[in-house]
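Here is how names work: the chains are called A, B, and so on, in the same order as the sequence lines, proteins then strands, and each is numbered from 1. In what follows, every heavy atom counts, from backbone to side chain, and hydrogens, waters and symmetry copies are set aside.
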There are 2 protein chains.
Amino acid sequence: MSEPGEYSCDMPDEPRWLTDHERDAWLALAKLMFNLPSALDAQLLRDSNLTLFDYFVLSGLSMTPGRTMRLSDLANFVSCSLSRLSNVVKRMEQRGLLRRAPDPESPRYTVATLTDAGWDLVVAAAPGHVAAVRHYVIDGLTPSQIDVLREVACHVTRQIDSAPESARRPQ
Amino acid sequence: MSEPGEYSCDMPDEPRWLTDHERDAWLALAKLMFNLPSALDAQLLRDSNLTLFDYFVLSGLSMTPGRTMRLSDLANFVSCSLSRLSNVVKRMEQRGLLRRAPDPESPRYTVATLTDAGWDLVVAAAPGHVAAVRHYVIDGLTPSQIDVLREVACHVTRQIDSAPESARRPQ
DNA sequence: AGCCTCTGATTCAACCTTGAACCTACATGC
DNA sequence: GCATGTAGGTTCAAGGTTGAATCAGAGGCT
């Protein structure tokens with residue numbers, strides 16, 4: 001597989017390489033993708049013993065009426081696999097941050113409910129986390145840059161959601 | 001630790017929460033950070049049995065005169081820990097994609113050199129990878145959006161590089 | 001009722017990353 | 001010369017993610 005010499009047959013005749021302009025933007029974004037998660041993880045782990053992913057899970061629950069959510073909805077909210085969420089939620093339950101229970105409306109679902117300890121932890125973690133997001137991302141950008149950032153990021157996630165398999169052999 | 005009620009003392013009196021505008025941009029960027037890496041990984045793994053990180057390592061070497069680089073420079077180039085790079089490079093050497101050798105100029109360093117097989121693999125992988133980057137990110141953006149994307153991403157990485165520990169208790 | 005299928009959720013093995021500990025080679029100071 | 005310190009690189013244990021396999025409940029079809 002992946003023999004060179006033949007990709008001029010099943011690939012577009014001349015692959016559309018990135019221009020310098022596009023390549024600079026892509027490399028900068030790639031560097032952001034590699035480094036920003038660990039920078040935010042570091043702050044949260046140091047100050048609250050939470051990963052960024054943990055924080056999103058807890059804050060998703062905290063914003064919900066009853067502080068309760070079905071695992072499948074929560075997985076969709078933080079856009080991760082059910083398998084990963086199941087593991088994370090199990091650990092958080094052992095830490096006493098939330099409780100799992102069968103959904104009273106349908107035993108087919110499982111709901112997670114934030115405990116008081118979980119609530120207190122997000123509340124305590126939020127200011128430091130927001131400060132880090134401001135420091136690394138938001139502060140120093142103009143409102144119009146922030147606007148374009150949102151447009152671009154939404155565009156990317158739309159592409160991913162709409163065509164998860166369409167990068168396959170782009171004819 | 002992380003008791004609520006006291007963060008009004010060692011935190012700014014009123015934490016500067018994100019505005020709706022800022023929050024929308026941040027959540028969109030977060031979703032991108034969570035999903036784009038796996039989308040690009042999926043394409044590369046399916047078509048070339050490489051992760052995005054592998055691809056960056058190989059392409060870093062391929063763009064260098066002699067297709068050779070010191071591990072510490074390479075780690076800096078792909079901005080990762082030496083420990084992680086050491087593991088990745090070891091696996092790639094076992095796959096025959098590159099060779100390790102002591103730097104002839106100073107036995108203190110180790111250099112990695114791309115083999116012919118490694119070169120062929122990046123060359124074969126590049127068109128599909130670039131097509132995926134175009135599909136998920138670049139295509140559909142205007143030149144000015146691409147420009148702002150680069151500015152924003154550079155700003156973020158600058159913040160991370162310049163103040164790796166300054167999110168600590170932002171007085 | 002019985003069968004098939006789909007979705008929600010969990011588990012497990014394989015693999016990867018992280019961070020600390022460790023080793024080597026060089027540089028500096030006394 | 002010798003001790004100390006520092007940077008490059010590797011290794012190892014601990015922990016997290018992935019994807020496949022599995023199980024249970026709900027709905028549709030005959």
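Considering only residues two or more places apart in sequence or on other chains, A:Asp139 meets the salt bridge (charged side-chain N to carboxylate O under 4.0 Å, His left out) condition with A:Arg134, B:Arg16. Residues that satisfy the ring-ring contact (aromatic ring centres under 6.0 Å, His included) test with B:His129, not counting sequence neighbours, are B:Tyr55. Applying the salt bridge (charged side-chain N to carboxylate O under 4.0 Å, His left out) criterion to A:Asp103, with sequence neighbours excluded, gives A:Arg70. The salt bridge (charged side-chain N to carboxylate O under 4.0 Å, His left out) search around B:Asp147 returns B:Arg150, not counting sequence neighbours. Every side-chain contact (heavy atoms from CB on, under 4.5 Å) that A:Thr51 has, sequence neighbours left out, goes to A:Asp41, A:Leu45, A:Phe53, A:Asp54. Checked against side-chain contact (heavy atoms from CB on, under 4.5 Å), A:Thr64 has the following partners two or more places apart in sequence or in another chain: A:Met69.
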Under 3.5 Å, side-chain donor or acceptor atoms of residues 24-35 of chain A against the rest of the protein: list the pairs with distances, not counting sequence neighbours.
| residue | atom | partner | partner atom | Å |
| --- | --- | --- | --- | --- |
| A:Asn35 | ND2 | A:Lys31 | O | 3.4 |
| A:Asn35 | ND2 | B:Ser79 | OG | 3.4 |

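Along DNA chain C, the nucleotide nearest to A:Ser38 and the one nearest to A:Lys90 differ in position, and the one closer to the 5' end is contacted by A:Lys90. Comparing A:Thr51 and A:Ser106, the nucleotide of DNA chain D nearest to each residue sits closer to the 5' end for A:Thr51.
Legend: ring pair (Phe, Tyr, Trp, His ring centres under 6.0 Å) pairs involving residues 70-110 of chain B, not counting sequence neighbours: none detected. Each side chain to side chain donor-acceptor pair (under 3.5 Å) pair with one or both residues in residues 81-92 of chain B, not counting sequence neighbours, would appear here, but there are none.
Whole-Å rounding puts the B:Leu82 CG to C:dA25 P distance at 17 Å. As rounded to whole Å, 10 Å separates atom C1' of C:dA25 from atom OH of B:Tyr109. For the pair A:Asn35 CG and C:dT18 C1', the interatomic distance rounds to 15 Å; values are reported in whole Å.
Counting only heavy atoms from C-beta outward, the side chains of A:Val148 and B:Leu149 never approach each other to under 4.5 Å.
Scanning both residues, A:Ala125 and A:Leu50, for their nearest heavy atoms gives CB-CD1, 4.3 Å.
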I'd like a list of close polar pairs between nucleotides 12-17 of chain C and the protein, N/O only, cut-off under 3.5 Å.
| residue | atom | partner | partner atom | Å |
| --- | --- | --- | --- | --- |
| C:dT17 | OP1 | B:Arg84 | NE | 3.1 |
| C:dT17 | OP1 | B:Arg84 | NH2 | 2.9 |
| C:dT17 | OP2 | B:Arg91 | NH2 | 3.4 |

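Taking a heavy-atom distance under 4.0 Å as the criterion, the stretch of DNA chain D touched by chain B extends 5' to 3' from D:dA7 to D:dT11.
Listed by residue number, the members of residues 63-81 of chain A with any heavy atom below 4.0 angstrom from DNA chain C are A:Leu71, A:Ser72.
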